[in-house]
Amino acid sequence: MKTAEKKSFSQWMRSIRGQQILVTVVFMVIPIALLITFTYLPLFKMAQFSFYNMKYIGTRTYIGFQNYIDVFTRDDIFQALKLSLFYLVAAIVQMALALMLAAIVTSGLRGTAFFKGAVFFPYLVCGIAVGFIFKFFFTHGFVLDTLLTHIGFQLNSLPYWLKDTSVNNSMLAATSVWRYMGQNMVLFIGAMMSVDNDVYEAAVIDGANAWQKFWSITMPGIKTMVVLNLILSISGSISAFEPPYVITNGAFGTGTYFVIMDRIAHVNQKVGLASAMAVVLMFIIAFVTILQKLASHFLLDEDETGRTFHERRIAKKRSQSAQ
Amino acid sequence: MANLENAMRPEGRIGASQRGKMKKILIQVMEYLILAFASFWALVPVVSCLVTAFKTPNEYQNTNVMALPQNWLYFDNFGAAWQKAHMGMAFFNSFLILIVVLICSILFSSMLAFVLNRFQFPGNGAVRNLFLFAALIPGIAMQVTVYQIMYALNLINSLTGYMILMMGTDVIAIYIFLQFFENLPVSLDESAILDGCTYFGVYFKILLPLLKPAIVTCLILKGVGTYNEYYMANLYLQDKSLYQVVSTCLYTFTGPMGNQYNYICAGVIITIIPVLIIFIFCQKQIYRGLASGAVKG
């Protein structure tokens with residue numbers, strides 16, 4: 001009896017179906033275990049902690065929604081949320097510049113590989129190195145000031161770029177443009193290269209100029225990527241972290257949401273409040289993601305006739321009113 | 001420039017299209033100027049650092065930061081930075097972490113992609129969505145509670161713990177592999193199975209070697225990301241005398257060397273060099289990898 005069972009099991013193991021199930025289980029166990037332990041379990045705990053007043057070690061007290069009330073009423077957190085506007089503007093500028101550069105690189109100029117590489121490389125540099133590079137760059141009388149005095153500015157009239165609260169956040173946001181613009185550009189170049197070349201040739205024969213080609217052929221071809229990146233930059237700008245963390249350590253009014261959260265969690269050890277901040281951010285990101293899905297569903301996804309949902313509806317309305 | 005010369009040839013000047021040609025040249029000159037301007041700002045911060053790294057302390061004190069060094073072969077700053085910050089140990093640790101993390105994460109994510117792509121089983125879509133959603137959550141937000149879990153698992157101050165954390169969910173790699181599997185015909189698997197190969201054999205002997213281009217892409221992207229990672233290394237590898245990695249090691253320059261930028265810049269250049277080398281040799285794979293990682297984003 002036993003041997004018969006064993007045999008049938010090993011037979012089953014060798015059968016295609018049995019193998020498929022075995023492989024599926026074996027290959028998925030570790031990735032899923034890692035995913036649950038380091039993503040979903042912490043997520044669950046975070047939601048739980050956000051209702052407590054607690055430190056990493058010691059007793060915890062249930063305080064209901066008090067942490068969430070604090071998130072929206074504490075001055076430092078509110079200031080931090082306002083700062084994300086700087087990073088949002090920077091993200092938009094960054095995309096506009098990246099689009100322009102990508103259009104130039106793909107327009108058929110020769111010898112653009114070096115430019116592309118130079119603009120892209122900052123993306124690969126370690127965040128800490130970027131921090132030092134820009135501390136040095138912005139120090140009074142150093143790199144930026146030297147360049148500016150060369151073109152006629154007086155050193156005395158220049159602000160302390162990282163301390164002066166009227167400019168420091170813009171400068172930090174600019175470092176993030178420096179770092180990520182090249183990556184954006186490479187993505188746009190990739191999208192632009194995939195636009196059918198015949199269309200361009202036809203347009204040239206029809207006498208279209210570069211500007212017309214860009215607006216009527218390139219932009220429609222890559223608009224999905226542009227819109228999605230624009231929407232994603234909302235959550236990206238709220239999660240801005242490395243420039244202020246590394247360059248100013250959040251001093252002189254440069255603490256963004258994450259910098260404040262990091263301080264609350266790991267210096268002040270207010271784990272409950274930090275969890276609440278993380279949960280709020282998560283909701284913002286979920287909202288933005290839904291927004292992105294809706295945008296791609298209604299405005300970008302095209303049917304077989306090349307029209308989006310929005311365009312079909314307008315066409316339908318027109319035909320109705322014509323009747 | 002070659003364009004410009006071509007267009008300036010005599011035969012280009014005659015004919016009715018002369019105006020159009022001139023305009024085209026002007027536009028191209030403008031385009032080159034814009035590119036040059038952009039790369040100037042991209043390079044200046046790094047180049048000024050490079051220049052400073054070659055200056056003697058005295059020279060650093062007394063010359064403008066943008067002035068070129070007197071001796072381009074003055075390597076003392078590099079040596080000093082290397083020793084003062086114990087960069088040798090940091091590079092060793094980072095190297096160890098890179099090897100383990102890269103091998104494991106490439107294996108795990110390609111295996112997962114293999115199963116998700118080849119087998120239809122209940123929950124296939126759910127697993128995909130679980131990983132996709134995880135990618136939306138910013139890692140730093142999670143560390144408040146991940147810290148607790150690491151603490152409970154006794155993984156703080158342990159290279160193994162940090163490696164496990166880093167090899168976790170790499171959604172971009174999973175997507176790159178998923179796309180790649182879609183272009184590998186299922187008939188490959190089937191004929192191998194008919195020849196008596198098991199599914200493990202199909203994956204390891206037949207598909208894994210074919211994945212090579214995707215693996216190279218993932219190796220580079222994940223490798224650079226791991227090498228540059230600072231926040232978690234700083235949080236979980238707290239004993240800095242034993243577990244320094246390159247990024248946390250570089251950060252120690254803020255302390256004792258405060259404003260001695262000739263040393264700091266040398267340290268920065270040392271940490272950038274490996275990435276620069278990878279970039280120079282693997283530009284194409286990096287660009288392609290970014291594009292394929294972003295399609296599904």
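Note that the coordinates shown come from a computational prediction; the quantities given were computed from them, not determined experimentally. In what follows, chains carry the letters A, B, and so on, assigned in the order in which the sequence lines appear, proteins first and then strands, with residues in each chain numbered from 1. The basis for the numbers below is simple: all heavy atoms, side chains too, and nothing from hydrogens, waters or symmetry mates.
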Shortest non-hydrogen pair, A:T39 vs B:M142, comes out as O-CE, 3.0 Å
Geometric class of the A:F136/B:Y261 ring pair [parallel <30°, tilted 30-60°, perpendicular >60°]: tilted
Smallest heavy-atom separation, B:V115 atom then A:V23 atom, equals CG2-O, 4.0 Å
Show, in sequence, the C-alpha distance, side-chain angles and deciding distance for B:I34 and A:L101, and conclude whether the side chain to side chain contact (heavy atoms under 4.5 Å, CB included) test is met. CA-CA 8 Å; B:I34 292 172; A:L101 292 180; 3.9 Å; yes
One should read off an interatomic distance between B:Q148 CD and A:F49 CZ, to the nearest 0.5 angstrom, of 4.0 Å
Comparing B:L43, B:T198, B:V224 against chain A, the one with the most heavy-atom pairs below 4.5 Å turns out to be B:T198
- Task: Assign the ring pair B:Y230 / A:Y245 to parallel, tilted or perpendicular, where the plane angle (0 to 90°) is split at 30° and 60°.
- Result: tilted
**Prompt:** Would B:V275 and A:F121 satisfy side chain to side chain contact (heavy atoms under 4.5 Å, CB included), going step by step from the backbone distance to the final call?
**Reply:** CA-CA 9 Å; B:V275 183; A:F121 183 67; 4.3 Å; yes
One option among A:F132, A:F38, A:F44, A:F137 has the most heavy-atom pairs under 4.5 Å with chain B, and it is A:F132
query = Does the pair B:I137 and A:I285 meet the rule for a side chain to side chain contact (heavy atoms under 4.5 Å, CB included), with working shown?
reply = CA-CA 8 Å; B:I137 306 169; A:I285 287 171; over 6 Å; no
Minimal heavy-atom distance between B:P45 and A:W178, with the atoms involved, is CG-NE1, 3.8 Å
Most contact-rich option vs chain B, by heavy-atom pairs under 4.5 angstrom, among A:Q20, A:M28, A:K45, A:M282, is A:Q20
Minimal heavy-atom distance between B:N228 and A:L124, with the atoms involved, is ND2-O, 2.8 Å
Note: B:A134 and A:Y40 closest approach over all heavy atoms is N-OH, 3.6 Å
Contacts of A:A265 meeting side chain to side chain contact (heavy atoms under 4.5 Å, CB included) (sequence neighbours excluded), chain-then-number -> A:Y56, A:A274, B:V144
Closest non-hydrogen contact found for B:S247 with A:I128 is O-CG1, 3.9 Å
Per-residue tally against chain B (heavy atom, under 4.5 Å) across A:V279, A:V288, A:L147, A:V130 peaks at A:L147
Exercise for the section: Measure the acute angle between the ring planes of A:F115 and B:Y32, then classify it against the limits of 30° and 60° as parallel, tilted or perpendicular. Expected result: tilted
Taken to the nearest 0.5 Å, the spacing of B:T145 OG1 from A:L41 CG works out to 8.0 Å
